[in-house]
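FYI, side chains are in, hydrogens and waters are out, and symmetry mates aren't considered; it's all heavy atoms of this structure.
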Amino acid sequence: MEIVELVNAPACRFCGAPLRVTFADLGVSPLANSYVDPRDAGKPEPFFQLHAWACESCFLVQLEAFETPENIFGDYAYFSSVSTSWLEHCRDFVRGAIARFGLNGESLIVELASNDGYLLQYGKEAGIPVLGIEPARNVAAEAERRGIPTRVEFFGVESARRLVADGLAADLIVANNVLAHVPDINDFVAGVAIALKPLGRASFEFPHLLRLIEQRQFDTIYHEHYSYLSLSTVRRVFAAHGLEVVDVEELPTHGGSLRVTAARAGAHDASERVAELLAREDARGLNRIETYAGFKDGVDAAKRALLEFLISAKRAG
């Protein structure tokens with residue numbers, strides 16, 4: 001196992017330990033969703049290091065933050081409502097959550113990174129009060145146009161305190177494909193703990209690190225994804241902020257995702273699915289640093305195999 005000792009080693013964004021183990025080094029790359037204005041086509045484009053590290057202490061796989069969230073997400077190119085299959089996925093989730101959690105007209109659903117109102121529209125249709133938190137002003141404007149009340153800001157401890165002060169503590173917080181996108185994961189999760197009502201629940205969806213490793217999905221590593229998450233590591237992060245994982249579902253979305261339900265510690269009993277998946281992750285090596293250190297060898301092999309194919313295909317005409 002190769003351990004790199006750096007003079008100024010980056011620190012783990014969750015536990016602060018020095019990062020010494022490479023998960024995947026993909027060289028340098030421009031930001032994935034940063035499109036070049038035609039007027040700037042002749043100018044150099046900024047490139048940033050795309051090096052994923054694995055923490056030896058908490059096993060969080062992560063990138064260093066080279067660009068600010070404001071520059072990445074302040075004016076965002078992706079509108080969630082363009083995907084009809086994703087809309088169906090979210091409609092089914094909202095309907096199921098209303099039934100499972102007994103939500104009604106006295107409840108409040110808050111979505112973090114609510115985009116263009118793609119999910120909250122189904123809560124509104126069911127007569128449930130909703131509120132979106134969205135940092136990208138351009139997509140938040142579309143949500144407002146649809147009648148989805150939206151606060152334009154990045155979520156964390158300070159914004160959570162403002163919600164509570166305004167009487168907007170949530171019965172259900174939804175954070176779909178956002179936990180991996182926040183550089184300060186501690187501030188974000190601590191904010192969720194503050195913004196929940198005592199018996200409230202928070203639902204997170206994110207790509208499952210186990211699927212990334214097993215299927216060698218290194219193309220999903222890019223600068224917007226600061227963190228690459230297993231249930232084991234997410235459970236550690238949540239526990240540090242007084243939250244407990246009470247349920248987990250495995251989903252086919254985004255190459256294989258998890259839907260994790262969390263609540264304040266002791267508020268609700270945990271499903272058997274939590275212990276089952278934690279045991280499966282442990283059996284597949286997600287609590288051993290050697291598993292992470294070995295991933296880069298597979299990435300390098302895939303690169304060489306592709307180059308060898310292209311060279312041989314060229315020679316064959």
Side-chain angles (χ1 to χ4, degrees), residues 32-33 52 60-63 72-73 76-101 109-123 125 130 132-134 136 139 143 148 155 172-182 185 188-189 192 201-235 237-238 245-262 271 273-274 276-278 280-281 284 286:
N33 286 316
L60 177 64
V61 175
Q62 57 202 279
L63 301 179
I72 294 177
F73 301 110
Y76 201 47
Y78 182 72
F79 284 66
S80 297
S81 292
V82 302
S83 171
T84 55
S85 59
W86 182 244
L87 290 178
E88 292 173 6
H89 171 83
C90 295
R91 179 197 62 206
D92 292 345
F93 163 75
V94 171
R95 289 176 178 175
I98 290 171
R100 287 197 313 277
F101 304 146
I109 301 174
V110 174
E111 186 181 14
L112 312 179
S114 51
N115 202 266
D116 59 3
Y118 71 102
L119 181 144
L120 292 177
Q121 64 181 327
Y122 301 115
E125 287 176 4
V130 300
I133 310 292
E134 171 54 51
V139 289
I148 305 298
F155 180 79
L172 174 62
I173 292 176
V174 182
N176 283 350
N177 299 304
V178 61
L179 189 61
H181 290 71
V182 293
I185 197 168
F188 185 86
V189 174
V192 171
R201 295 170 177 86
S203 178
F204 303 81
E205 291 185 21
F206 50 84
H208 191 189
L209 178 63
L210 181 60
R211 296 286 166 259
L212 187 157
I213 293 173
E214 290 182 336
Q215 299 175 19
R216 205 175 294 161
Q217 299 171 355
F218 58 88
D219 59 306
T220 64
I221 298 172
Y222 63 109
H223 294 104
E224 283 182 32
H225 286 174
Y226 293 105
S227 302
Y228 302 82
L229 302 161
S230 66
L231 178 62
S232 304
T233 294
V234 163
R235 184 168 173 253
V237 175
F238 287 1
V245 175
V246 296
D247 200 7
V248 62
E249 302 168 67
E250 294 178 84
L251 308 172
T253 52
H254 299 288
S257 296
L258 297 182
R259 177 185 290 149
V260 171
T261 305
S271 160
R273 293 187 290 199
V274 176
E276 188 277 329
L277 183 53
L278 288 171
R280 188 154 28 105
E281 287 188 347
R284 297 187 185 182
L286 293 195

**Report entry** Pair Val248-Val260, side-chain contact (heavy atoms from CB on, under 4.5 Å): steps then yes or no
**Finding:** CA-CA 4 Å; Val248 62; Val260 171; 4.0 Å; yes

Query raised in the report: Could you walk me through whether Phe155 and Val178 pass the side-chain contact (heavy atoms from CB on, under 4.5 Å) check?
Result: CA-CA 10 Å; Phe155 180 79; Val178 61; over 6 Å; no

Query raised in the report: Val94: what forms a side chain to side chain contact (heavy atoms under 4.5 Å, CB included) with it, not counting sequence neighbours?
Result: Ile98, Leu119, Tyr122

**Report entry** Summary of salt bridge (Lys or Arg N to Asp or Glu O under 4.0 Å) pairs that have at least one residue in residues 85-99, sequence neighbours excluded
**Finding:** none

Report task. Verify, without hydrogens or angle tests, whether Gln62 (side chain) and Leu60 (backbone) share a donor-acceptor contact under 3.5 angstrom. Result -> yes

Query raised in the report: Does Phe218 have any ring pair (Phe, Tyr, Trp, His ring centres under 6.0 Å) partners at least two apart in sequence or in another chain, and if so, which?
Result: none

Query raised in the report: Counting N and O atoms only, with roles assigned by atom type, does the side chain of Gln217 sit under 3.5 Å from a partner on the main chain of Gly255, one being a donor and the other an acceptor?
Result: yes

Query raised in the report: Of all heavy-atom pairs between Val61 and Ala52, which one has the smallest distance, and what is that distance?
Result: CG1-CB, 4.3 Å

Requested in this report: Test Asp247 against Ser271 for side chain to side chain donor-acceptor pair (under 3.5 Å), laying out the working first.
Outcome: CA-CA 5 Å; Asp247 200 7; Ser271 160; 3.3 Å; yes

Report task. If the plane angle is over 60° it's perpendicular, under 30° parallel, otherwise tilted; pick one for His89 and Trp86. Result -> parallel

Query raised in the report: Looking only at heavy atoms, what is the nearest atom pair of Ser227 and Ile185, with distance?
Result: OG-CD1, 4.5 Å

Query raised in the report: For Gly117 and Ile148, which heavy atoms make the closest approach, and how far apart are they?
Result: CA-CG1, 4.2 Å

Query raised in the report: So how far is it from Leu210 CG to Gln215 CD, rounded to the nearest 0.5 Å?
Result: 9.0 Å

Report task. Using the test salt bridge (charged side-chain N to carboxylate O under 4.0 Å, His left out), find all partners of Glu250 that sit at least two apart in sequence or belong to another chain. Result -> Arg211, Arg280

Query raised in the report: Heavy atoms, side chains only, cut-off 4.5 Å: are Arg201 and Arg100 in contact?
Result: no

Report summary line: Across all chains, not counting sequence neighbours, the ring pair (Phe, Tyr, Trp, His ring centres under 6.0 Å) partners of Phe206 are none

Report summary line: Rounded to the nearest 0.5 Å, the CD1 atom of Ile109 sits from the OG atom of Ser114 at a distance of 12.5 Å

Query raised in the report: Within a strict 4.5 Å, meaning less than it, do heavy atoms of the Leu179 and Val189 side chains meet?
Result: yes

**Report entry** Heavy-atom check, side chain of Leu63 versus side chain of Tyr228, under 4.5 Å
**Finding:** yes

Report task. Kindly determine whether His208 and Glu281 satisfy side chain to side chain donor-acceptor pair (under 3.5 Å), including the steps that lead there. Result -> CA-CA 11 Å; His208 191 189; Glu281 287 188 347; 2.7 Å; yes

Query raised in the report: Going from CG on Leu87 to OG on Ser80, what distance comes out if it is rounded to the nearest 0.5 angstrom?
Result: 8.0 Å

Requested in this report: Check whether any side-chain heavy atom of Ile213 sits under 4.5 Å from a side-chain heavy atom of Leu286, and report yes or no.
Outcome: yes

Query - Leu212 CG to His254 NE2 distance, which is reported to the nearest 0.5 Å - result: 13.5 Å

Query raised in the report: Going by heavy atoms in the side chains, are Leu251 and Phe93 under 4.5 Å from each other?
Result: no

**Report entry** With sequence neighbours excluded, residues passing salt bridge (charged side-chain N to carboxylate O under 4.0 Å, His left out) with Arg259
**Finding:** Glu205, Glu249

Query raised in the report: Any side-chain heavy-atom pair from Asn177 and Pro207 closer than 4.5 angstrom?
Result: yes

Query raised in the report: Would you say the ring centroid of Tyr226 lies under 6.0 angstrom from that of Phe188?
Result: no

Query raised in the report: Should Val192 and Leu112 count as side-chain neighbours, where that means a heavy-atom distance under 4.5 Å?
Result: yes

